[in-house]
Amino acid sequence: MTRDSATDDADRLTRRHYVAGAGTLATVGIAGCSGGGDGGDGSDGGDGSDGSDGSDGGDGSDGGSSELEIIHWWTAGGEQDAYQALLDGFREEHPDVEIVDNPAPGGAGSAIDTVVQNRVIDGNPPSTFQIWPGQALTPYTDEDLLEDIGDSVWDEEMRDAYLGDVVDLARPAGNLVAVPINIHRLNNLFYNVSVLDDAGVDPTDIDGPEGLLGVFETLDAETDVTPMAHQTQSPWSSLQLWESIFIGEQGVDAFQTLIGGDVSGLEDEVRSALQLLADYLQYIPEDAGSISWDQGNNDVISGDAAFLHQGDWAAGQYRSAEDFEFESDWDMVPFPGTSGVYQSVIDSFVFPTGNPSPEATEQFLNYAGSVDAQERFNPVKGSIPPRTDVPMDEFGDFLSRQFEDFQNSNTQPPAIAHGTAVAPAIQSSLQEVFANFNGSQDVDAAYDGIVNSF
Amino acid sequence: MSAADRLQTTIAGLDRSRVALYAVLLALVAFYLAPLESGFMTAFKTPDGFRTTTPFALPPLGEFTLSAWGTAFDRLSNGLLNSALMAVPATVLSALFGSLAAYGLTNLSWRGQIGVLVLFVAGVFIPYQAVLVPLTQFWSFVDLGGRIPLALVADNEGLINLSITHVAYGIPICTVLFRSYYATIDDEMLEAARLDGASAATIYRRIILPLSVPIFAVTLIYQFTQIWNDLLFAIVLVSNPSNQVVTVALNQLQGSFVQQFNLQMAGAFVAALPTLVVYVLFGEQFAKGVAGDS
Amino acid sequence: MASRIFAALTRDEGSSDTDESPRREEPSVRTDGGTVTDGASDATTAAVGDDASALGRLRRSRFLESLPFWGPPALLVFFFVYGAIAWNFVISLTGWEGLGSPDYSSLSTEMYARLLSDPSFTAAFRNTLVLLLAFTVLSLILGLLVAILVDQKIRIENTFRTIYLLPMSLSFVVTAIFWSWMYNPTNGLINEALRGVGLDAFTQAWLADPQFKLAAIIFALMWQFSGYCMVVYLAGLRAIPESQYEAARIDGASTIKLYWRVIIPQLRASTMSAAVVLVVFALKAFDFLFVLFGVNPGQSADILSVMMYRVAFDRIQWAYGSAVAMVLFAMTLGVIGPYLYVQYRRGEL
């Protein structure tokens with residue numbers, strides 16, 4: 001919806017979001033005050049939301065608030081637009097629910113974890129919050145901090161509409177506790193078409209991760225572009241690249257064994273992927289240690305870099321770039337060796353126990369699992385819906401192709417770098433390993449670190 | 001310092017050595033101000049401007065913009081307000097407690113007070129990490145917002161917790177600052193007042209407090225900058241985004257838009273503005289405060 | 001009981017340890033009338049209330065008199081600082097992790113054993129020591145040099161001093177943001193300056209290259225706190241009587257010799273107090289690293305305070321984080337313990 005209004009100039013785009021972000025912050029401040037006021041004087045019965053639940057007006061002390069507080073990290077770019085589109089749709093269905101929007105920026109998880117954990121520990125959770133499904137949920141499910149929504153939200157119709165693997169990620173401990181809302185693909189290799197044309201490289205004909213290294217060598221020797229845009233300031237980009245290399249070399253079964261914790265049984269395989277990653281890192285920008293991934297991606301757009309390994313959220317940047325069209329200017333192949341694989345990065349919403357607004361939360365989760373929500377949210381977010389019955393008309397060429405790939409894929413493994421594959425403590429430990437590896441490229445130390453992480 | 005002055009006269013080529021001295025002093029000025037100066041210039045540049053010019057250069061024509069300042073102020077204004085709400089009471093209270101404690105442990109001397117004093121002085125140096133986990137447990141257990149049915153408390157629970165925590169951890173340094181000052185107060189004067197029948201409280205109120213104005217200034221300034229500047233307690237103790245203080249907001253400003261150096265720099269100045277103003281106005285007192293805990 | 005209170009009341013300025021027993025805290029200034037009445041058999045304490053005779057006041061224990069002043073702040077400090085540290089120690093003996101509550105029923109030193117076999121800890125411990133030593137020594141040297149220069153009876157001394165001290169008034173968050181820009185490999189001032197004077201070969205990715213990370217951090221921290229050392233040393237220099245400069249001059253000592261042989265040895269107290277404060281700042285350098293690197297500075301720059309935060313708040317392994325914190329606390333004690341002792345011996349506490 002708001003795509004059209006997005007300016008083409010990347011800088012202006014970002015600036016617009018600052019302003020929007022500031023506006024949101026201010027709103028939060030105001031809403032936060034009035035919100036607490038309502039809760040404090042126990043007058044929430046007054047709004048009489050819809051009366052379907054008798055517990056609402058009765059006890060002013062808990063439950064009945066029609067204020068829905070959402071904590072999320074979609075604070076910038078297309079993510080923020082997508083989130084707003086989702087809220088717009090929800091407001092249309094539930095105009096009586098007031099949304100208290102609590103963005104916790106800082107990107108992929110870091111800030112939001114502390115915020116949400118503190119509040120959950122304090123017994124003061126938000127109505128719902130954004131979280132990766134799968135293993136990322138386990139600290140919460142271990143302590144029964146998430147409500148079982150198997151009956152209230154996951155009705156028969158919804159279970160049938162979702163893919164089986166995705167439903168499984170929503171029940172890491174048996175009970176359904178989360179509603180996945182989108183699926184990003186992680187094992188993508190984006191490239192600048194004309195750069196590769198000039199260099200005479202055919203990206204569809206790269207023989208596995210090792211073959212990609214050969215392409216990098218060629219590009220490095222014969223052109224003056226950076227073979228691969230990449231950032232090493234935060235460890236996650238290298239971690240996810242290592243995952244793709246590992247799957248590309250060893251296949252998904254070995255990867256499943258790995259995330260099951262059997263690292264030493266795969267010593268050679270793990271080392272091989274690490275070594276190849278170290279080799280790749282010879283072909284990244286010199287300033288990789290001080291840039292963000294999207295800054296690196298600008299080099300792909302400008303033709304200063306050839307490839308980018310990244311989740312398909314990177315495509316959003318291409319769409320907002322001027323004169324940079326899908327297929328003619330940029331394109332994507334599955335990371336070499338992973339063509340039948342759709343490694344998934346998924347976001348979901350949950351129902352924390354001790355919920356300040358059970359009714360509104362349930363309404364929101366029901367909505368998030370609906371066709372309408374996923375049709376509004378995903379085209380803007382640049383992801384595909386986890387429901388299989390969402391019309392794909394609005395999704396554009398690239399996402400439609402991704403969706404096709406998804407349906408034709410043999411397997412949809414979870415991702416370490418994005419929470420679904422391993423418990424948060426292991427993920428954090430692996431982040432540390434790759435933070436070190438980014439600097440030292442020490443395969444032995446990294447292997448030991450990976451073993452110790454599990 | 002006529003000694004140092006006379007020393008100068010012994011050095012041959014006095015003028016040349018003075019010139020060299022001032023040259024070195026000015027070079028040091030450049031060293032200490034360079035990060036601020038280049039940050040300041042960058043804050044006025046467009047992204048193209050800061051990518052294509054030297055950091056310390058003035059923004060070229062056409063690459064000058066105030067938008068980074070506007071954005072930074074918008075993004076940080078809520079944090080500025082919260083920081084002020086949190087830091088001002090915490091500063092005043094910790095200074096007051098410090099003054100009382102210093103009076104009780106200095107001017108009313110009693111054998112054995114050294115033991116209490118050691119614990120106060122050691123408290124100055126405790127790394128916050130050593131108390132972080134219990135603190136989160138403690139404040140979660142206290143649950144002010146849940147216990148006190150007032151919207152004002154519930155909405156600002158994070159700020160109140162943070163403020164009280166800063167008071168407690170500020171008391172040791174405040175006590176040390178006040179103590180070094182109170183130790184210079186003439187005991188005979190206090191003794192005379194005592195003989196006149198003044199109680200300890202009267203002496204504090206009538207004699208000590210009026211004498212304390214300068215050291216209060218020093219302590220308030222020092223303590224305000226310390227509390228305002230803290231990040232660690234704030235990220236751990238404040239979980240409600242609407243209670244976020246400015247250091248946390250500033251950190252997120254750079255976390256979410258890594259490459260917007262103009263915005264980061266403008267944000268850094270906006271967040272530092274209160275401490276900079278305090279410093280420029282009261283630099284001398286700040287220096288005293290800094291040297292005071294030595 | 002009355003006689004014990006009486007004994008305490010009449011004891012000169014509370015010379016006994018028993019003054020600190022809790023029951024002594026009960027009678028405050030306001031209740032002295034009552035206690036004095038208890039001991040009314042003593043003729044010298046006949047006076048009661050606010051109009052008590054000077055003699056009666058003199059006999060009152062200064063301990064009781066002072067308690068209302070230092071008691072409440074002391075309670076806060078003991079609870080929040082020492083109580084919390086004790087609590088932290090107990091937590092470090094549990095196996096607490098995750099979002100539940102700690103289980104205090106089974107305590108063990110397992111977390112400390114785990115520290116010893118954790119390569120992250122070894123690296124963080126080593127870096128913390130390097131940071132402490134290098135940062136402290138370099139800041140002291142720079143601070144001393146600047147102080148000596150400022151002490152040469154210069155014009156607008158206050159202005160110079162104010163500028164040199166300015167960075168210290170800034171938050172670590174602010175200075176970290178400035179320095180991340182200074183160290184930016186493509187546009188940062190450091191590399192631009194190196195290129196400007198033809199030293200292109202020396203340009204580095206300062207904050208990304210593990211070889212330079214820690215040094216870059218130390219340099220930035222030195223920038224921020226050497227001004228503090230300057231202020232402390234300046235006070236020390238000003239306290240040295242000018243006759244000493246004279247004497248040295250008459251002996252024909254050179255300026256360098258004068259400072260090296262005569263002046264600097266007398267600055268030991270300044271050095272010590274500045275060093276202690278620097279060490280504390282170094283231990284608290286968390287904010288600076290956290291802003292630059294988040295929770296993962298990498299093993300080349302990781303320090304204990306960052307590791308503690310990472311383990312406790314990112315991995316929610318509370319007990320392990322508490323154990324790291326206890327090591328950090330022990331390091332602090334190792335530095336300030338001797339300092340406090342020396343100060344105590346000198347009667348300068």
Side-chain angles (χ1 to χ4, degrees), chain A residues 106-111 113-123 125 137-146 231-236 239 285-291 295 352 423-442 445-446 448-449 452-453, chain C residues 96-102 114 117-124 127 179-188 190-191 203-214 216 289-302 306-307 309-318 320-321:
Chain A
S110 61
D113 283 350
T114 319
V115 166
V116 172
Q117 281 163 12
N118 280 350
R119 293 195 44 182
V120 168
I121 292 172
D122 287 357
L137 295 168
T138 51
Y140 297 92
T141 54
D142 283 351
E143 302 294 333
D144 289 326
L145 293 166
L146 297 178
Q231 67 87 19
T232 57
Q233 188 179 43
S234 311
W236 59 273
L239 174 56
E286 272 179 28
D287 60 355
S290 61
I291 61 172
Q295 178 80 4
I426 300 175
Q427 187 204 350
S428 168
S429 181
L430 288 171
Q431 302 264 23
E432 187 188 339
V433 170
F434 281 87
N436 293 329
F437 191 78
N438 274 338
S440 66
Q441 277 127 56
D442 182 339
D448 291 342
N452 290 333
S453 296
Chain C
W96 184 29
E97 56 180 47
L99 297 175
S101 305
R114 189 163 142 195
S117 62
D118 185 344
S120 298
F121 173 74
T122 321
N127 290 337
W179 281 95
S180 74
W181 180 224
M182 292 289 283
Y183 284 134
N184 185 280
T186 37
N187 299 109
I190 302 271
N191 277 356
T203 59
Q204 301 292 345
W206 300 102
L207 291 177
D209 191 326
Q211 266 185 293
F212 300 106
K213 247 187 212 178
L214 193 59
L289 273 88
F290 184 72
V291 173
L292 284 179
F293 305 107
V295 294
N296 279 312
Q299 273 183 12
S300 54
D302 200 14
V306 176
M307 181 186 178
Y309 183 87
R310 177 175 63 240
V311 172
F313 293 93
D314 196 44
R315 286 182 204 162
I316 47 177
Q317 296 171 338
W318 308 105
Y320 195 43

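Every value quoted in this text rests on a predicted model; they were computed, and no experiment measured them. Below, each value reflects all heavy atoms present in this structure, side chains not excepted, and no hydrogens, waters or symmetry copies.
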Q. What distance separates A/Glu286 CD from C/Thr203 OG1, expressed to the nearest 0.5 Å?
A. 8.0 Å
Q) Which value, rounded to the nearest 0.5 Å, describes the distance between A/Ser234 atom OG and C/Asn296 atom CG? A) 9.0 Å
Q | Toward chain A, the part of C/Gln299 with a non-hydrogen atom under 4.5 Å | A | both
(Q) At a 4.5 Å cut-off on heavy atoms, which part of C/Phe212 comes close to chain A: side chain, backbone, both, or neither? (A) neither
Q. How would you list, by chain and number, every residue that makes a side-chain contact (heavy atoms from CB on, under 4.5 Å) with C/Val306, sequence neighbours excluded?
A. C/Phe286, C/Leu289, C/Pro297, C/Asp302, C/Ile303, C/Arg310
Q) For A/Gln427, what residues pass the side-chain contact (heavy atoms from CB on, under 4.5 Å) criterion, not counting sequence neighbours? A) A/Trp132, A/Val422, A/Gln431
Q. Pick from C/Ser101, C/Ser120, C/Gly188: which one has the most heavy-atom pairs with chain A under 4.5 Å?
A. C/Ser120
(Q) I need the residue from C/Leu99, C/Ile316, C/Asp118 with the largest number of non-hydrogen atom pairs under 4.5 Å to chain A. (A) C/Leu99
In terms of heavy-atom pairs under 4.5 Å, which option from [options] contacts chain C the most?
options: A/Pro424, A/Ala425, A/Ala445, A/Ala288; answer: A/Ala425
options: A/Asp142, A/Val433, A/Asn436; answer: A/Asn436
options: A/Ser429, A/Ala435, A/Gly439, A/Pro235; answer: A/Ser429

**Q.** Side-chain (A/Asp287) to main-chain (C/Pro185) donor-acceptor, under 3.5 angstrom
**A.** no
Q.
Which heavy atom of C/Ala208 sits nearest to which heavy atom of A/Gly289, and what is that distance?
A. CB-CA, 3.6 Å
